[in-house]
Amino acid sequence: MLMILLAPDTYLWLMAALLAVVTLLAWLLLRRKRKRWLRLLVLAFLLSAWYIFLYGTFVGVDQLEVRHEEFCSKDLPANFDGYRIVHFSDAHLGSFSGWRQPMLSRIVDSINAQHADLIVFTGDLQNKYPEEVEDNQKLLSKLKAKDGICSVLGNHDYSNYSDRDDFDKTRDIGRTMSAELDMGWYLLTNGYHRIRRDTTNIIIAGMENDGEGRFPQLGNISWALRGLSRQSFVIMLEHDPTSWHRKILPHSHCQLTLSGHTHGGQFSLFGLSAALFRYREYGGMYYAGERAMNVSTGVGGVVPFRFGVSPEIVVITLKKK
């Protein structure tokens, strides 16, 4: 828990301090060693470590990518063939401060530039406090799509990492939810939203955060899909991808699930992501038969650092199979 209670820039100072200490110790050690190969090896390690830190802090966090995916399904109504959805996740607005603020404007502009039919956000709008959302409402209200914006809550949106008392935490959850509703977003808390085209429709459902371990387990899939026919084409929004195998696949017919939460580990070297050791699905499109889940690596993070895992928005085109 300590890792996510500190201010975003505090982590960068701690990382820099740790690297400085390691560099100093290495210099003191090498003064006693005369082996040239050892000096070169330690020097290469230190240069690599400093490069990763500086690139991830000042360049990697600014490398926004647009990933394109297609999802084909025989259950998709023909009227929705070619329907375009922009999926973004894990904004962590409290980390977009100071010189990083323009990046948030770039994200909004890039999403709008896709001219999507629908925009979906899969949780973690804030780090700790609703003020982070309220301060950016004007900018986020610029997001536009033909069928609007649908969203769900992530583990950070429940104010679990706040240092406020329980009464204020409960009030803060309401403030975060109200801010999303004030922006015109369809906030789905174990519910669904119907999108119509003539006489056909698709369903955008959303569960509350349903994680493992210390993360909130509030998702109720039966309630989220109540009254729906199994012939419905359903896109499920769920912040935590671990819920796909635990609840969504075995207890629903949802054809497509959209998640976030993992950030793709925010660090990847030689194709190996830090998220690999914790999550079965941590970034990209995954399939289970005819059903699929897209996991976004997000646009932000409590720690404003990215190396090998760029911030991303995902454009998903639905196709009739």
Side-chain angles (χ1 to χ4, degrees), residues 64-73 75-91 107-125 137 139-154 157 177 179-208 224-225 228 232-239 241 244 248 252-261 284-285 291-299 312-321:
L64 181 65
E65 292 186 356
V66 180
R67 173 162 60 89
H68 291 267
E69 299 283 357
E70 278 192 0
F71 176 67
C72 302
S73 174
D75 300 326
L76 181 72
N79 285 357
F80 287 88
D81 187 40
Y83 194 82
R84 286 163 54 85
I85 299 171
V86 167
H87 174 203
F88 78 113
S89 191
D90 298 270
I107 291 168
V108 171
D109 291 341
S110 294
I111 291 174
N112 285 337
Q114 308 310 314
H115 303 293
D117 294 293
L118 177 72
I119 297 171
V120 300
F121 176 74
T122 50
D124 276 3
L125 195 56
Q137 271 185 274
L139 178 57
L140 293 177
S141 294
K142 294 180 180 179
L143 288 172
K144 302 295 179 184
K146 184 185 301 182
D147 293 317
I149 299 103
C150 292
S151 66
V152 291
L153 300 175
D157 299 322
M177 296 172 71
E180 294 194 31
L181 294 172
D182 288 345
M183 292 187 292
W185 294 14
Y186 298 103
L187 177 59
L188 305 173
T189 51
N190 293 325
Y192 63 84
H193 174 64
R194 196 183 299 269
I195 297 176
R196 301 181 186 277
R197 289 287 186 273
D198 297 327
T199 59
T200 61
N201 62 75
I202 62 174
I203 302 297
I204 311 298
M207 287 203 303
E208 293 202 53
L225 302 176
L228 291 178
S232 302
F233 182 85
V234 181
I235 298 174
M236 175 63 76
L237 311 184
E238 163 54 47
H239 178 65
W244 194 45
I248 298 171
S252 81
H253 72 284
C254 299
Q255 289 88 346
L256 177 63
T257 299
L258 304 180
S259 295
H261 183 60
M285 189 76 89
R291 303 164 72 185
M293 175 175 67
N294 181 68
V295 182
S296 168
T297 58
V299 295
E312 70 170 12
I313 61 175
V314 189
V315 182
I316 301 172
T317 303
L318 304 181
K319 303 293 288 185
K320 175 72 174 177
K321 190 172 183 179

Could you note down all residue pairs passing salt bridge (Lys or Arg N to Asp or Glu O under 4.0 Å) where residues 142-151 supplies at least one of them, sequence neighbours left out?
-> D117-K146, D147-R197
Hey, is the main chain of W185 close enough, under 3.5 Å, to the side chain of E180 for a donor-acceptor pair?
-> no
Check: D157 side chain, L125 main-chain N or O, donor-acceptor pair, under 3.5 Å = yes
Side-chain donor/acceptor of N294 to backbone N/O of L258, under 3.5 Å = no
How far does NZ of K319 sit from CD of E70, to the nearest 0.5 angstrom?
-> 5.5 Å
Check whether any side-chain heavy atom of F233 sits under 4.5 Å from a side-chain heavy atom of S73, and report yes or no.
-> yes
One should read off an interatomic distance between Y83 OH and I235 CD1, to the nearest 0.5 angstrom, of 7.5 Å
In short, S89 meets H239 closest at the heavy-atom pair OG-ND1, 4.4 Å
How long is the gap from CD1 on I202 to OH on Y192, to the nearest 0.5 Å?
-> 14.0 Å
Check: L237 and C150 side chains under 4.5 Å, non-hydrogen atoms = yes
Flag the pair L225 / M236 as yes when at least one side-chain heavy-atom distance between them is below 4.5 Å, and no otherwise.
-> yes
d(I107 CD1, L140 CG) to nearest 0.5 Å is 9.5 Å
Start with the C-alpha distance between H261 and T122, add both sets of side-chain angles, then the distance that settles side chain to side chain contact (heavy atoms under 4.5 Å, CB included), and finish with yes or no.
-> CA-CA 8 Å; H261 183 60; T122 50; over 6 Å; no
Is L228 close to R194 at the side-chain level, that is, under 4.5 Å between some pair of heavy atoms?
-> yes
Decide yes or no on side chain to side chain contact (heavy atoms under 4.5 Å, CB included) for E312 and S296, but give the supporting numbers first.
-> CA-CA 7 Å; E312 70 170 12; S296 168; 3.7 Å; yes
In this structure, CG of L256 is separated from CD1 of I248 (nearest 0.5 Å) by 10.0 Å
Derivation and outcome, side chain to side chain contact (heavy atoms under 4.5 Å, CB included), residues V152 and V120 | CA-CA 9 Å; V152 291; V120 300; over 6 Å; no
Should the pair Y186 and H193 be assigned to parallel (<30°), tilted (30 to 60°) or perpendicular (>60°) ring geometry?
-> parallel
Closest heavy-atom pair and its distance - P241, G260 | CD-O, 3.4 Å
At their closest point, which heavy atom of F80 faces which heavy atom of T200, and how far apart are they?
-> CE1-OG1, 3.8 Å
Within the side chain of Q255, is there an N or O that forms a donor-acceptor pair under 3.5 Å with the backbone of V234?
-> yes
Check: N190 side chain, E208 main-chain N or O, donor-acceptor pair, under 3.5 Å = yes
How far does CG of D182 sit from CG of L187, to the nearest 0.5 angstrom?
-> 11.5 Å
Do any N or O atoms from the side chain of H253 and from the backbone of S232 form a donor-acceptor pair under 3.5 angstrom?
-> yes
Determine whether M177 and T189 make a side-chain contact, defined as any pair of heavy atoms from C-beta on separated by less than 4.5 Å.
-> yes
Counting only N and O atoms by type, is there a donor-acceptor contact under 3.5 Å from the side chain of Q114 to the main-chain atoms of I85?
-> no
Under 3.5 Å, side chain of R84 to main-chain N/O of V315, donor-acceptor pair present?
-> no
Taking all non-hydrogen atoms of both residues into account, name the closest pair between A91 and V299 and its distance.
-> CA-CG2, 3.7 Å
Could R67 and E69 be called an ion pair, given the rule that one side-chain N must be under 4.0 Å from one carboxylate O?
-> yes
Can you list the residues that meet the ring-ring contact (aromatic ring centres under 6.0 Å, His included) rule with F88, with sequence neighbours excluded?
-> F121
Under the 3.5 angstrom rule, does the side chain of K320 hit a backbone N or O of L76 as a donor-acceptor pair?
-> yes
Looking only at heavy atoms, the pair that brings S259 and M293 closest together is OG-SD, 3.8 Å
